[in-house]
Structure formats: C-alpha cells, structure tokens
Amino acid sequence: MSPSGAEFIKQIKSEVEEVDPSDVESLLRAGESSNGHGPSPRVAVVDVRESDELVSGKLPGATAIPRGFLESRIEATIPDRSQKVVLYCASGARSALAANTLVRDLGYEDVVSMKGGITLWKDRGYDVEVPFAFTPEQRQRYSRHFLLPEVGEEGQRKLLQAKVLLLGAGGLGSPTALYLAAAGVGTIGIVDDDTVDVSNLQRQVIHSTATLGVAKVDSAEQAIHALNPEVKVVKYQTRLDSSNIMDILEGYDLVVDGVDNFPTRYLLNDASVRLKIPVVSAAILGFEGQLSVFAPYDGPCYRCLFPVPPPAELAPSCGANGVLGVLPGTMGLLQATEVMKLVMGTGTPLIGRLLMYDALEATTTELKVRRDPECPICSRPPEDIAPEEMGVFPDYEAFCAAAG
C-alpha cells in the first residue's frame with residue numbers, strides 16, 4: 001500500500017537536509033557583509049512557490065522559480081552544481097520535494113530546504129523583500145512594452161524606478177522628456193534657468209504658446225504631468241556651474257546632456273566621471289546632429305573625444321547659425337532610446353561610438369571613439385578628480401576661451 005501524502009512528505013524530509021530560518025538569515029547576513037548586497041555568490045536562495053504567492057514578499061535576494069518549472073530552469077540560474085542552494089516555500093513541504101529532486105535527479109551536491117518556509121521566517125521577524133507590483137492602470141498604460149521580450153515586466157519595472165536628469169528643457173530636452181515620461185521613467189530631473197520665448201516654439205515641443213514667459217522647468221512639468229501624472233518631476237531653475245553640479249547630479253542613474261556650450265559640457269564630464277554616472281550626449285547645428293554615450297570607465301569620456309574645444313568659428317551656437325526645427329526632435333528621440341536601453345540593460349548602447357546624422361542627405365555615419373590613456377580626466381581614478389584636489393573644478397570658461 002502506498003504511503004499517504006503526509007507520510008510521503010515526512011519520508012522525503014527525512015532524506016533531505018533541513019535548516020532553520022536562523023541559519024539562512026546568518027548566511028544572508030554573511031553574504032551582505034562580504035559583497036555589500038544580497039546572498040553570497042557561493043549561496044543561492046531559491047523560492048519555489050507559485051508566482052501569485054510572491055506578492056506577499058520573498059527572502060532578500062532570492063530567485064523565484066516555481067516548483068513546476070524547477071527542473072527546466074534551475075541549470076540556467078545555478079549552473080554550478082557544487083554551489084550551496086537554499087530552497088524554501090510557504091511551509092517547507094514543496095521545498096523539501098524540490099531539494100530531493102535537485103540532489104537525486106539533477107546532481108546538485110549541496111542543497112538544503114528551509115524548515116517552516118517563509119511562514120516561519122516571517123514569524124521570526126526577519127526581513128522580507130516585497131516585490132514590485134504594477135497597478136491595473138500601469139498594466140494598461142505600458143501593455144505594449146510588456147509584449148516586447150526585451151522589455152517585459154522587468155524592463156518596465158526598471159524604467160519606473162529609474163532617475164534620469166535632463167540638462168536643458170530646450171530643443172533636445174523637449175522630446176527626450178516627453179518620451180521618457182511616456183515610457184514611464186519614474187523620476188525626471190530638469191535643469192534650466194530660462195523662460196519660454198516665442199522663438200523656442202519652432203523646435204522646443206514640450207512648451208506651447210500658452211506657457212510663453214513661464215519658466216521652462218515649470219512649463220515642462222505641466223506637459224509631462226499632462227502626459228503621465230505618475231512621473232515625479234524635480235525642477236532646478238538654475239544655471240549649472242561648479243558650485244552646484246555635484247549636488248544636482250548626485251543620486252541620478254543617468255544624465256541626458258542637452259546643453260549648448262563647451263564649458264558646461266567639460267564641467268559635466270568631470271562631475272559625471274567622478275560620480276560614475278553615464279551621460280547620453282547629443283549636439284545639433286543647422287541640419288546636422290551627433291550622439292554618443294559616455295559611460296565612465298566603461299568607454300571614452302567627453303574629453304577623450306574632444307581634448308580641447310574647437311575654435312568658436314567652427315562651433316557657432318544655434319542662435320547664431322540656426323537649426324532645422326525637427327532636427328532636435330530626431331536627436332532627442334535617439335537620446336531617449338539610449339536612455340531606455342541603458343536603464344533596462346538591453347541592446348548595444350552607443351558607448352565608444354559617435355553617431356553623426358545629416359538631415360539634408362538623410363545619412364548616418366558612425367565613428368569609433370576609444371579611451372585616451374592620457375586623458376586628463378578618465379585616466380585617473382574618480383577620487384582624484386576635482387573638486388577635492390583643488391577645492392573647485394577647473395575654470396572651463398577660460399579654458400574654452402583660450403582654445404578658441
């Protein structure tokens with residue numbers, strides 16, 4: 001006569017090693033002290049409950065693999081069969097069965113089941129990591145993203161939790177801000193000290209006739225919230241300079257460079273390299289635009305590309321030379337695309353590459369950009385970059401004037 005379900009579970013539990021939640025908590029704590037976050041690389045914690053059970057929370061750093069998919073997914077998650085694996089479920093029954101399967105059928109060498117499951121873990125008062133949950137409105141708003149395997153729920157979650165700083169709410173910042181807001185970027189910071197002028201409306205599509213004379217940061221906030229009220233907008237109605245740049249950039253995941261002068265770009269480069277914040281940079285003039293991503297220490301920085309600024313006659317401003325109204329829209333959308341790729345960790349960003357676009361000829365050219373081993377900025381460790389070494393950043397106004 002076959003054993004009852006309760007007897008079968010009891011038999012399985014006698015064949016696998018069970019550990020107390022206190023032992024697992026010690027393992028997690030040891031992992032945090034050794035690498036600063038999550039379980040130690042030599043300890044894998046796997047939650048074998050069903051997906052709908054995860055809404056109540058899971059162990060910090062645990063990977064969720066439902067029991068029914070364990071055999072097909074565990075090898076991709078834990079390829080090293082000698083690695084220590086901790087399994088848990090709601091009460092300890094399913095994890096014991098799963099542990100038995102890993103050892104007996106799949107050849108894993110060091111597998112344990114957590115006694116009492118997450119129920120006992122919570123009763124002991126240990127930390128629980130509550131997973132991100134989309135609201136019904138978010139599921140509807142971002143439904144087309146969920147259909148893309150390269151985005152999906154994980155990518156959308158990253159977008160909603162991202163913090164992106166826009167330098168400028170002008171031609172480049174306008175389309176970038178609108179599309180990042182539409183995509184669901186959770187926090188958008190905007191730095192701009194200007195007000196809306198009628199001459200802006202030919203290309204700065206985030207503003208309107210109704211906001212003439214209004215501060216651009218306020219006008220941009222109105223347009224963003226009209227499109228997506230959930231986006232948090234942080235406004236900096238100021239001019240970026242050496243006295244405030246470190247405070248403003250601190251805490252952001254990415255910076256979108258839409259500034260229109262070399263001194264500020266060099267200043268931005270110093271600060272972003274020091275803080276290790278990637279910059280998605282674009283420039284426009286007339287009918288031509290260029291775009292690159294400067295990821296500190298993963299590729300070249302802005303000074304690697306432009307060791308010294310070009311003479312003023314070769315780099316006039318849009319105000320002096322003019323710009324095709326749709327060109328900043330084209331380049332700003334490319335910036336928004338690069339931001340989303342970086343946030344989601346998908347695709348191949350323009351790191352180490354310079355994309356040049358000619359609107360009149362409808363052509364693009366791509367140039368390789370390499371790190372300069374003698375670069376005055378990124379050849380040094382971040383802690384050696386100003387302001388600490390001199391108290392202030394270099395005087396880039398004078399530097400660019402001298403080069404011109």
Side-chain angles (χ1 to χ4, degrees), residues 5-6 8-10 12-13 16-32 35-41 43-74 76-78 83-102 108 111-143 145-146 151-162 184 186-187 230 232 344:
F8 178 68
I9 293 295
K10 184 177 180 180
I12 290 295
K13 285 190 172 186
V16 302
E17 182 182 351
E18 287 191 295
V19 295
D20 191 82
S22 61
D23 297 323
V24 178
E25 197 272 340
S26 296
L27 286 172
L28 292 179
R29 207 160 6 93
E32 290 175 352
N35 63 19
H37 57 279
S40 163
V43 178
V45 181
V46 179
D47 187 323
V48 299
R49 293 175 298 159
E50 297 302 312
S51 299
D52 59 354
E53 296 178 85
L54 300 176
V55 295
S56 63
K58 63 185 183 71
L59 269 64
T63 300
I65 306 178
R67 174 68 189 90
F69 295 94
L70 190 66
E71 289 87 338
S72 60
R73 296 182 183 176
I74 190 67
T77 304
I78 310 172
Q83 184 174 3
K84 186 172 187 65
V85 181
V86 177
L87 304 178
Y88 74 91
C89 59
S91 62
R94 281 173 289 174
S95 58
L97 291 168
N100 182 265
T101 298
L102 291 191
Y108 282 83
V111 183
V112 298
S113 172
M114 188 173 77
K115 189 183 304 181
I118 196 167
T119 302
L120 183 56
W121 175 273
K122 288 181 176 179
D123 288 345
R124 297 278 180 83
Y126 296 134
D127 289 342
V128 173
E129 186 179 278
V130 179
F132 182 89
F134 294 99
T135 65
E137 194 277 337
Q138 287 173 331
R139 287 197 172 276
Q140 186 174 6
R141 181 183 286 266
Y142 307 118
S143 60
H145 273 173
F146 294 150
V151 182
E153 292 194 5
E154 178 64 14
Q156 189 61 55
R157 178 189 64 78
K158 291 178 179 179
L159 289 170
L160 289 167
Q161 294 176 337
T187 300
E230 287 189 340
K232 178 182 178 182
M344 296 185 297

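One-based numbering along the sequence shown.
Partners of E129 according to the side chain to side chain donor-acceptor pair (under 3.5 Å) rule, which considers only residues two or more places apart in sequence or in another chain, are K58. In this structure, F69 has no ring pair (Phe, Tyr, Trp, His ring centres under 6.0 Å) partners at least two apart in sequence or on a different chain. The ring pair (Phe, Tyr, Trp, His ring centres under 6.0 Å) search around Y126 returns W121, not counting sequence neighbours. Listed by chain and residue number, E137 satisfy the side chain to side chain donor-acceptor pair (under 3.5 Å) test with R141 (two or more places apart in sequence, or in another chain). A search for side-chain contact (heavy atoms from CB on, under 4.5 Å) contacts involving D23 returns V19, D20, not counting sequence neighbours.
The two atoms that bring A90 and T119 nearest to each other are O-OG1, 2.7 Å, heavy atoms only. Across every non-hydrogen atom of L54 and A64, the tightest pair is CD1-CB, 3.5 Å. Shortest non-hydrogen contact noted between V151 and Q156 is CG1-N, 4.0 Å. Taking both residues in full, the closest heavy atoms of R49 and S56 are given as NH1-OG, 3.6 Å, listed atom of the first, atom of the second, then distance. A pairwise comparison of heavy atoms in P60 and L28 identifies O-CD2, 3.9 Å as the closest pair. Nearest approach of V85 to I78, heavy atoms of both residues: CG2-CD1, 3.9 Å.
Side chains of E53 and P66 form no contact here, defined as non-hydrogen atoms less than 4.5 Å apart. For the pair Y88/D47, a side-chain contact is recorded, criterion being any heavy-atom separation below 4.5 Å from C-beta on. At least one side-chain heavy atom of M114 sits under 4.5 Å from a side-chain heavy atom of L59. Contact annotation: the side chain of V16 never approaches that of V111 to less than 4.5 Å [non-hydrogen atoms, C-beta and beyond]. E25 places none of its side-chain heavy atoms less than 4.5 Å from the side chain of R124.
Note: L87 CG to L102 CG = 5.5 Å, rounded to the nearest 0.5 Å. Between R157 atom CZ and L160 atom CG the span is 9.5 Å, to the nearest 0.5 Å. Separation of atoms NZ (K13) and OG (S113) is listed at 7.0 Å; rounding is to 0.5 Å. Remark: F132 CZ to E154 CD distance equals 10.5 Å, nearest 0.5 Å. With rounding to the nearest 0.5 angstrom, the CD atom of Q83 is 9.0 Å from the OH atom of Y108. Between the CG atom of L27 and the OG atom of S22 there is a distance of 10.0 Å, given to the nearest 0.5 Å.
With S91 contributing its side chain and G117 its backbone, the two residues share no donor-acceptor pair below 3.5 Å.
Judged as a side-chain hydrogen bond (donor to acceptor under 3.5 Å, both in side chains), the pairs with a partner in residues 59-69 (not counting sequence neighbours) are, in order, R67-E71, R67-T101.
Ring pair F134/F146: centre-to-centre distance below 6.0 Å.
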